[in-house]
Amino acid sequence: MVRAETADCAACGGVSGRVHSRYRRRLADVAVGDRPAELWLLVRRFFCDNLACAAKTFVEQVAGLTRRRCRISELLRRTLTAIGLALAGRAGARLAAALGLRTSRNSLIRMVKALPDPPVGPVKVLGVDDFALKRGHVYGTVLIDCQTRKVIDLLPGRDATPLAEWLAGHPAPEVICRDRSGAYADGARTGAPGALQVADRFHLWQNLAVAVERCVAGHKACLADPVAAPPDGPTASDRVEPVDPTGPMAERRREHHALVHGLLARGMGIREIARYLGWGRHTVQRYARAATWQQLVVGRRRQLPSSLDPFKKFLREHWTARRGAICDLYQQVAAQGFGGSYSTVRDFLRTLTAPDQPAPPPAPPSVRRVAGWICRHPDNLPERDTLRLKTILARCPELDATFDLVRSFAAMLTGRTGSKHLTSWITTASTSGLATMTAFAKGLTLDLDAVTAGLTQPWNSGPVEGNVNRIKMLKRQMYGRAGFDLLRKRVLLA
C-alpha cells in the first residue's frame, strides 16, 4: 500500500491530494526460484485540480517500481530489456522461459526499441565506414569515436547525404577518418567543412596491392623460368597446343577482351561488369588481368586425369623400343586391371623418348603469389620466396621498378612521412611508364589532402573495422529479420 499524501499528475505535472478511489494493481516480477512471482499493490486514484488539464483523474506511481499502463515491475523490465539487447527476439524469449519469465519475442523487441539512444557528446576524432546489411545490395554507415572506440550512431545507406545531415546536427569533429570512398569525402566536406579528413592507411595499401597485382598480371610471361629445349628436341608431352588466330575461339576471346577493357575504361568495377554482362566475377577478372587477348588463348595443353595413370610407372620401367613392345605391355597392364583401349597405351608410350626422361619444369608462381611477395615485408618473406622474387625481378625491369615503388611507399606509410615525400613519390610513379602505378598515383592526387594526412597523422580506421566485425556478429544473430532500427539499438546499447 502506498502511503504518500499527494501524487503528481502525469499529464500536467500538478500535485493533488484529493483521493477519487482505490484499487488493487497486480505486477509481474522476476521469478523466485523456478516459480513466477507477482506483486499486489493497493494504489489510489486522485482528482486533478488543474482545470486546464485534459485528465480528470490519475493513478499514483511508485518510483522504481511501477510505470503507467505497464503490468510488470521495473526490475522485471530491466531484466527482460537486458535479455533482449543480448539475444533479441526468439533466442531471448527462450532464455526468459528457462529463467521462469513469461514474455514473447515481440515484447522483447518492443522493449529494446523503446530504449532512449545514448547521448552523443563532442567527438574529436570521428571514424566512418560502411557495413553490409545484405551484401552486394543494402549497406549502412557506422560512426565511432576513435578515441574511446565506441559506436556513436548507425546511419542507413552509405551515401553522402546521411553523413552530411548527421554532421550538421552535431558538434563538428576535428578529424574524420574514412576510407577512399568519394561519397564519405563529399559528406564530410558538406557537413563539417573545417574538419581534417584522414584517408585510412590500410585502404591505401589495399589500393596499392590491387595496382601491383594488375601490373604483375600484365607481365605474366616473365614469371616462368626459361627452359632450354632438350638436345633431341621437345617430346610430344611438352608441345604447346596450337591455336588458330583466325578461328572462332580466338575471335570470341578478342571481342570479350575488348568489351571488358572498354567497360573498365569507363570506370566500372569488376563486380559491376560481371552483373552487367551476366558473367562470373572470376571470368571478368581473368579478362581484366590480360594485357592482350592473345594471353587468353595461348597455353599448355591441360593434363586431364586418365584411367592409365595407375599403370604409367610400370610402363615407364618396362618400356623398350623393340618391335612388338607396345602390344606386350598392353596385354600386361590389361592383366593388371587396365580397362582402356590399346590406342591409349600406344599414344602414351610414343611420348617416351627414353627410360630416363627428365622431369618437367616446375610450374611458374601465380600472379597473386608474386604480387604478395612484392607487397610483403622482406623480413616476413621466406628465403626461398625471396630468391624466386629476385630472379623474377632480374628478368623483368618493369616489375623491378614496381618493387622499388612499393618499397618506398611502404617506408613512407610506416614512417608517416607523407607530408615530406608523397609529392615526389607521385611524380616518380607517374613518370615510371607503368600504367597501373600511374593510375594509382593519379587516384592519390584526386584525394591528395586526405591521403597526405593519412600518411602523416597517427589516426586510422582500425577501431572502425573492429566494430564492423561486431556488427556482423549481431546481424547474424538476428538472421536479418528484425530490421535496421533494432540492429541500431543493439549496437548502441548492448
Side-chain angles (χ1 to χ4, degrees), residues 128-141 156-163 178-190 197 199-200 202-220 249-297 366-368 371-372 375 398 402 405 426 429-430 432-448 450-451 454 461 468:
V128 183
D129 202 358
D130 62 346
F131 65 94
L133 289 167
K134 185 178 180 183
R135 188 169 184 178
H137 299 275
V138 183
Y139 287 85
T141 299
R158 52 177 179 179
D159 302 325
T161 303
L163 177 60
R178 58 171 176 82
D179 56 14
R180 301 293 307 285
S181 171
Y184 289 150
D186 295 339
R189 193 180 302 112
T190 303
Q197 296 191 35
D200 182 49
F202 167 78
H203 292 91
L204 289 172
W205 187 257
Q206 190 179 49
N207 298 149
L208 177 63
V210 172
V212 170
E213 187 171 349
R214 291 177 179 174
C215 183
V216 175
H219 299 83
K220 189 175 181 180
M249 184 181 72
E251 184 64 27
R252 186 166 59 251
R253 294 289 190 272
R254 185 188 298 108
E255 294 176 356
H256 290 177
H257 183 270
L259 177 60
V260 170
H261 281 264
L263 296 176
L264 288 172
R266 290 166 52 185
M268 296 178 66
I270 298 295
R271 294 181 183 272
E272 189 177 0
I273 294 174
R275 289 193 296 268
Y276 177 74
L277 298 177
W279 296 357
R281 179 171 58 88
H282 296 290
T283 301
V284 177
Q285 195 173 52
R286 187 168 65 251
Y287 278 100
R289 287 176 175 174
T292 61
W293 67 270
Q294 288 87 349
Q295 296 179 3
L296 299 166
V297 296
S366 65
V367 170
R368 178 167 293 185
C375 296
E398 291 80 5
T402 302
L405 289 172
I426 291 176
S430 301
S432 63
L434 302 170
T436 56
M437 303 305 293
T438 302
F440 173 72
K442 183 179 179 181
L444 297 182
T445 59
L446 300 177
D447 198 18
L448 185 60
V451 172
S461 298
V468 169

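Every heavy atom of this structure was used, including side-chain atoms; hydrogens, water molecules and symmetry mates were not.
- A distance of 12.5 Å separates CZ in Arg271 from CD1 in Ile273, rounded to the nearest 0.5 Å.
- Using cut-offs of 30° and 60° for the angle between ring planes, the Tyr287 and His256 rings count as perpendicular.
- Contacts classified as side-chain hydrogen bond (donor to acceptor under 3.5 Å, both in side chains) and involving residues 433-443 (residues at least two apart or in different chains) are not found.
- For Arg281, there are no salt bridge (Lys or Arg N to Asp or Glu O under 4.0 Å) partners, not counting sequence neighbours.
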Which is it for Leu434 and Leu405 under the side-chain contact (heavy atoms from CB on, under 4.5 Å) test, yes or no, and what are the steps along the way? CA-CA 11 Å; Leu434 302 170; Leu405 289 172; 4.3 Å; yes
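- Ser430 approaches Ala441 most closely through the heavy-atom pair OG-CB, 3.7 Å.
- Met437 contributes atom CE, which lies 13.0 Å from atom CD of Glu398 (distance to the nearest 0.5 angstrom).
- Residues Ile270 and Gln285 come closest through the heavy atom pair CG2-N, 4.3 Å.
- Separating the CZ atom in Phe440 from the CG atom in Asn207 is a distance of 6.0 Å, to the nearest 0.5 Å.
- Within the 4.5 Å cutoff, the side chain of Ser461 has no heavy atoms near those of the Asp129 side chain.
- Residues passing the ring pair (Phe, Tyr, Trp, His ring centres under 6.0 Å) test with Trp205, sequence neighbours excluded: none.
- With rounding to the nearest 0.5 Å, the separation of CG in Asp159 from OG1 in Thr141 is 7.5 Å.
- With rounding to the nearest 0.5 angstrom, the CZ atom of Arg178 is 10.0 Å from the CG atom of Leu163.
- Pro162 approaches Pro156 most closely through the heavy-atom pair CG-O, 3.6 Å.
- Residues satisfying the salt bridge (Lys or Arg N to Asp or Glu O under 4.0 Å) criterion with Arg158, sequence neighbours excluded, are Asp130.
- More than 12 non-hydrogen atoms from other residues, nucleotides or ligands lie less than 6.0 angstrom from CZ of Arg180.
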For Val216 and Arg368: C-alpha separation, side-chain torsions, deciding distance, then whether side-chain contact (heavy atoms from CB on, under 4.5 Å) applies. CA-CA 8 Å; Val216 175; Arg368 178 167 293 185; over 6 Å; no
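- Residues that satisfy the ring pair (Phe, Tyr, Trp, His ring centres under 6.0 Å) test with Tyr184, not counting sequence neighbours, are absent from this structure.
- Here Ser366 contributes atom OG and Glu213 contributes atom CD; the two are 8.5 Å apart, rounded to the nearest 0.5 Å.
- Remark: Arg189 engages Asp186 in a side chain to side chain donor-acceptor pair (under 3.5 Å) (not counting sequence neighbours).
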Do Gln206 and Asp179 pass the side-chain contact (heavy atoms from CB on, under 4.5 Å) test, and can you show the C-alpha distance, the side-chain angles, and the key distance before you say yes or no? CA-CA 11 Å; Gln206 190 179 49; Asp179 56 14; over 6 Å; no
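- Put simply, the side chain of His261 gets close to the backbone of Ala290: a donor and an acceptor are under 3.5 Å apart.
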Would Leu263 and Leu277 count as a side-chain contact (heavy atoms from CB on, under 4.5 Å) here? Give the steps. CA-CA 10 Å; Leu263 296 176; Leu277 298 177; 4.2 Å; yes
